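None of these values were measured; they are calculated from a predicted model.
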Amino acid sequence: MTLPNFLIAGAMKAGTTWLAQNLQEHPQIFIAPEELHFFNNPKNFAKGLSWYQRHFQAAGSAQAIGEKTAGYFLQDPYPSLIHKFLPNIKIIAVFTIM
């Protein structure tokens, strides 16, 4: 089963899309092509882990497999769900200071 080993999350309009686009230029990095909203959208979460996993099938031999969804850390229980299903995940958090 292929699941991500890193997530890009943070504030909206803080540069998460820019970061994902730049990272995926590296030949050993795969990032799901769209925001999946698996952990923070009950309808997507109800589709199950197999639905989430399908978004990473094209990762091939990439060493770093990731997903970008800006809103994952806005409120509970999303961080807890992420930890439950991806306990060893690395997180890149992008925030802005205004």
Peer 1: Please tabulate, one pair per line, all N/O donor-acceptor pairs under 3.5 Å involving side-chain atoms of residues 37-46, not counting sequence neighbours.
Peer 2:
from, atom 1, to, atom 2, distance (Å)
His37, ND1, Asn40, OD1, 3.2
His37, NE2, Glu35, OE1, 2.9
Asn41, OD1, Lys43, N, 2.9
Asn41, OD1, Asn44, N, 3.4
Asn44, OD1, Lys47, NZ, 3.3
Asn44, ND2, Leu36, O, 2.9
Asn44, ND2, His37, O, 3.4

Peer 1: Roughly how far, to the nearest 0.5 Å, is CD1 of Ile29 from CG of Asn5?
Peer 2: 9.5 Å
Peer 1: Return the minimal non-hydrogen interatomic distance between Thr16 and Ala70, and the atom names on each side.
Peer 2: OG1-CB, 4.1 Å
Peer 1: For Pro4 and Gly66, work out which heavy atoms get closest and say how close.
Peer 2: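 Heavy-atom minimum between the residues: CB-CA, 4.0 Å.
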Peer 1: Name the atoms and distances for all side-chain donor-acceptor pairs under 3.5 Å in residues 79-90, with sequence neighbours left out.
Peer 2:
none

Peer 1: Would you check, one step at a time, whether the test side-chain contact (heavy atoms from CB on, under 4.5 Å) holds for Gln57 with Thr2?
Peer 2: CA-CA 7 Å; Gln57 289 176 339; Thr2 302; 5.9 Å; no
Peer 1: Among residues two or more places apart or on two chains, list those pairs meeting ring-ring contact (aromatic ring centres under 6.0 Å, His included) that have a residue in residues 9-31.
Peer 2: none
Peer 1: Is there a continuous path of hydrophobic side-chain contacts, each under 4.5 Å between heavy atoms, that joins Ile8 to Ile91?
Peer 2: no
Peer 1: Quick check: closest heavy atoms across His55 and Ala32, and the distance to 0.1 Å?
Peer 2: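 Where His55 meets Ala32 most closely, the heavy atoms are O-CB, 4.2 Å.
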Peer 1: Taking atom CD1 of Ile92 and atom CG of Leu23, what is their separation to the nearest 0.5 Å?
Peer 2: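 Separation between the atoms: 5.5 Å.
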Peer 1: Find out whether Ile65 and Leu3 are in side-chain contact, i.e. whether some heavy atom of one side chain is under 4.5 Å from a heavy atom of the other.
Peer 2: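 SC-SC contact between Ile65 and Leu3 ruled out.
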Peer 1: Phe6, Val94: one ILVMFWY side-chain cluster at the under-4.5 Å cut-off?
Peer 2: yes
Peer 1: Hey, does Ile31 have a side-chain heavy atom less than 4.5 Å from the side chain of Glu67?
Peer 2: no
Peer 1: Quick one: pull up CG in Leu49 and CZ in Arg54 and give me the separation to the nearest 0.5 Å.
Peer 2: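 Between atom CG of Leu49 and atom CZ of Arg54 there are 10.5 Å.
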